[in-house]
Amino acid sequence: MVQKFLFGVLLFLFIGGRMNAQEIHIETQGTSLVFCVSKNGKVLQSHFGNHLVSVTGIEKVQSYLNEAYPSFGNGSSDEVAIIATHADGSMATDLFYLAHEQKLSDGVQETVIHLKDKILPFYIDLHFRAYHEENIIEQWTTISHQEKGKVRLEQYASSAIGFKAESYYLTHFNGSWAREMHLSEEKLSNGIKSIETKRGVRTTEYENPSFVLSMNQKANDDNGEVVMGALAWMGNFKLSFQIDDQERCQFIGGINPYASDYSINANEKFETPRMVFTYSPFGKNQASINLHRWARKYNLQDGNVIRPIVLNSWEGAYFNFDANRLKGMMDGAAEMGVEIFVLDDGWFGNKYPRNSDKAGLGDWQVNKKKLPEGIDDLIVYTEEKGMKFGIWVEPEMVNPKSELAENHPEWIIQRKNDREPILARNQLLLDLSNPKVQDFVFGIVDDLLKEHPRIAYIKWDANRHIQNFGSTYLDDDRQSHLWIDYTHGLESVFKRLNKDYPDKIFQACSSGGGRVDFSSMKYTHEFWASDDTDPYERLFIQWGTNHIYPPIATAAHVTKSPNHQTGRETSLKFRFDVALGGRLGMELRPDDLEPEQVEFAKAAIKLYKEIRPVIQLGDLYRIQSPYDTDGFASINYVSPDKSEAILMVYSHEFHRRMERANVKMKGLHENALYRITELNKAGKKSHIGFDNQTISGSVLMHSGFSVNLKKPLESAIFKVAKVSE
Ligand code: GLA
């Protein structure tokens with residue numbers, strides 16, 4: 001203990017002002033980000049890429065990429081990180097080095113670079129946290145001043161980083177409801193490309209605040225230099241990439257400043273959200289693994305704890321249930337081996353019962369007609385069946401037809417001057433910039449958990465975005481703070497819940513995948529990746545999602561066929577084989593399954609319990625992309641010690657007679673011998689001719705093998721277990 005303390009003290013280096021401050025080296029085991037202080041005191045960003053053992057002399061050889069935090073009004077006409085109207089009405093900001101500090105403890109290097117305007121008492125602190133082993137660098141900024149009056153911020157990026165290559169390919173993740181996180185890649189050309197949202201809430205449904213930037217070639221899983229980045233923020237974001245006439249690419253990312261001017265008084269601090277970066281010289285798969293490992297360790301609730309299997313009531317019951325029907329579902333769930341039963345929407349509201357999405361949202365009292373014996377009766381029944389109980393809430397929202405809307409119309413986000421409210425899914429948003437509303441929203445979950453302490457799981461939904469922009473709480477001159485104050489209000493509610501209820505599981509849902517980001521993940525255990533549960537669609541959605549976010553947090557449910565969203569018919573096996581790749585769950589009425597399907601589900605759930613340590617805590621390798629035109633997709637997961645792997649192979653198109661999925665596994669030990677066994681085949685013939693045989697890791701990885709899948713929507717999964725070195 002004492003030793004550890006001394007080690008920490010020794011490594012705590014105050015450099016600013018006392019040592020030569022020419023180079024500031026932010027480093028992980030594989031990455032360096034270097035800043036140089038020029039003779040005239042400007043802080044310039046130099047290198048971002050492969051780790052440099054020494055940075056001596058870098059300022060002599062490198063042409064600088066850009067100012068560490070480019071500002072408006074110092075002569076440059078490029079995009080800037082900060083635009084401020086100072087208290088004296090002037091708009092110029094010119095930032096110079098003041099000092100910097102670095103310390104290292106427990107494998108995390110923290111750096112702060114202090115900057116000040118040349119004339120005014122206006123300060124920027126650039127913060128970096130570098131995770132040595134995981135190769136992750138987080139960057140964020142704090143802004144403060146001691147001017148005589150308010151300073152209005154019009155742009156306030158988290159990060160500005162320059163890259164230098166011959167060409168750049170940008171991959172980003174976009175879509176819509178039931179089609180989230182689809183990959184699109186484009187070559188960047190001169191000009192500015194931005195990925196952004198202006199929705200305030202449900203921000204990630206159309207575009208995710210994350211990207212892959214590949215240098216000199218299209219992004220590839222196995223080779224080439226790539227940078228992956230993601231903004232940890234639940235509100236509006238803007239990530240922009242500008243290619244200039246010298247072929248440099250400047251990234252500027254953070255909160256979207258769209259209609260979001262933000263004023264701060266003297267000595268107040270404005271803190272931006274974290275931008276999370278990882279760099280890989282070995283292609284994007286390694287970058288994804290870096291993000292997953294880091295998220296599990298530092299940025300996900302209980303990130304290294306095995307997740308239970310859920311049966312959620314939504315697609316099986318919708319609003320149509322009573323206690324008997326739910327108990328029937330619980331019977332079936334327990335029989336199949338499910339571990340948590342989650343009661344979705346429709347359980348609340350009395351004056352305005354929540355029997356459809358038209359009424360009741362906001363009135364969080366149990367509906368006495370549907371559930372006369374209350375929630376505890378359901379909890380007791382679930383526990384008797386050996387499962388835990390979870391419940392759905394949508395605390396940020398309100399139906400106009402509710403007691404809440406009648407009692408607190410001032411709590412609703414609204415346009416002033418009696419403009420007609422724009423409804424979406426018949427509902428409106430509560431104004432979380434208002435501390436009273438924050439207390440109310442916290443209180444919804446707090447009351448539920450106090451009254452029913454055995455609730456184990458909360459599904460937190462949010463089914464619309466901000467359109468009626470305006471707050472009755474914020475002063476007239478602070479209306480534009482709403483986007484940011486709403487998000488901070490939400491963060492503070494989540495922080496309180498995490499503090500008071502550390503042992504409850506939280507799921508972030510927002511009309512499916514509308515809240516999939518590293519900020520919500522910090523407060524929750526998992527996210528609902530999409531309302532689209534069709535396994536064919538999920539191949540693409542989960543493929544995109546797991547580029548950035550870890551499989552352990554990706555809720556993937558087996559639902560009924562034909563699928564409720566797409567009408568596509570698929571076998572129960574195919575549905576399971578796709579859902580087994582994330583946090584497995586089910587979302588159907590067990591009574592709708594034929595007896596042999598129940599038997600299949602039982603076996604698949606039993607199997608998941610055996611393999612989930614590898615799926616949830618191992619590394620995910622992408623082998624064949626569903627986006628490639630050959631109609632196959634495959635992935636394998638490998639346990640941290642490489643003793644076990646799970647391989648999943650899918651065919652999603654028809655294949656000619658002799659066409660096979662040719663698979664080369666990844667991430668195994670070259671020298672070890674592995675036994676390959678097909679799983680989940682319900683007594684059918686294996687899809688390989690060497691089932692249960694022992695094969696070397698190097699053969700499985702480099703020689704490869706074919707898997708006999710021909711029909712559309714067929715799949716095979718395998719366990720690959722080490723038998724000896
Ligand atoms: C959203 C969610 C669904 C379900 C419904 C309930 O659409 O994404 O999973 O919870 O709301 O109304």
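Values in this document were obtained by computation on a predicted structure and should not be read as measured data. All ligand and atom numbering here is 1-based and tracks the order in the structure.
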With a 4.0 Å heavy-atom cut-off (strictly under), which part of [X] contacts ligand 1: side chain, backbone, both or neither?
X	answer
Asp357	neither
Asn463	side chain
Ser511	backbone

Would you confirm whether Glu180, through its side chain, and Gly513, through its main-chain N or O, come within 3.5 Å as a donor-acceptor pair?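 Checking the backbone N and O of Gly513 against the side chain of Glu180, a donor-acceptor pair under 3.5 Å is found.
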Donor-acceptor contact below 3.5 Å, side chain Asn399 vs main chain Lys401: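 The answer is no, because no donor-acceptor pair under 3.5 Å joins these two groups.
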Side chains of Glu410 and Thr472: any donor to acceptor distance under 3.5 Å?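 No, Glu410 and Thr472 have no side-chain donor paired with an acceptor closer than 3.5 Å.
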NE2-NE2 distance between His547 and His292, expressed to the nearest 0.5 angstrom: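 Answer for the NE2-NE2 pair, His547 versus His292, is 9.0 Å.
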Distance from Gln301 atom CD to Phe506 atom CZ, nearest 0.5 Å?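 Here the rounded value is 8.0 Å.
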Backbone or side chain, does any N or O of Gly512 fall under 3.5 Å from an N or O of ligand 1?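 Among all N and O atoms of Gly512, at least one is under 3.5 Å from an N or O of ligand 1.
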Do any nitrogen or oxygen atoms of Ser510 lie less than 3.5 angstrom from nitrogen or oxygen atoms of ligand 1?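 Such a contact does not occur with ligand 1.
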Sequence neighbours excluded, every pair satisfying side chain to side chain donor-acceptor pair (under 3.5 Å) that has a member inside residues 366-375: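 Sorted pair list: Asn355-Lys370.
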Using side-chain heavy atoms (C-beta onward) and a distance below 4.5 Å, is Asn546 in contact with Arg622?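 Side-chain contact under 4.5 Å: no.
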So, are Asp431 and Lys436 salt-bridged, with charged N and O less than 4.0 Å apart?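 Not counted as a salt bridge, because no side-chain N and carboxylate O are separated by less than 4.0 Å.
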Indicate yes or no: does Arg612 engage Glu339 in a salt bridge with an N to O separation below 4.0 Å.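 Here Arg612 pairs with Glu339 in a salt bridge, since their nearest N and O are under 4.0 Å apart.
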Subset of ligand 1 atoms that lie under 4.0 Å from at least one heavy atom of [X]:
X	value
Cys509	2 (C), 8 (O)
Trp528	8 (O), 9 (O)
Lys459	3 (C), 4 (C), 9 (O), 10 (O)

Protein residue, atom and distance nearest to [atom], heavy-atom basis:
atom	value
atom 10 (O) of ligand 1	Asp344 OD1, 2.7 Å
atom 8 (O) of ligand 1	Asp531 OD1, 2.6 Å
atom 1 (C) of ligand 1	Asp461 OD2, 3.1 Å
atom 12 (O) of ligand 1	Asp345 OD2, 2.7 Å

Quick one: does Arg425 get within less than 4.0 Å of ligand 1, heavy atoms only?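 Right, Arg425 reaches ligand 1.
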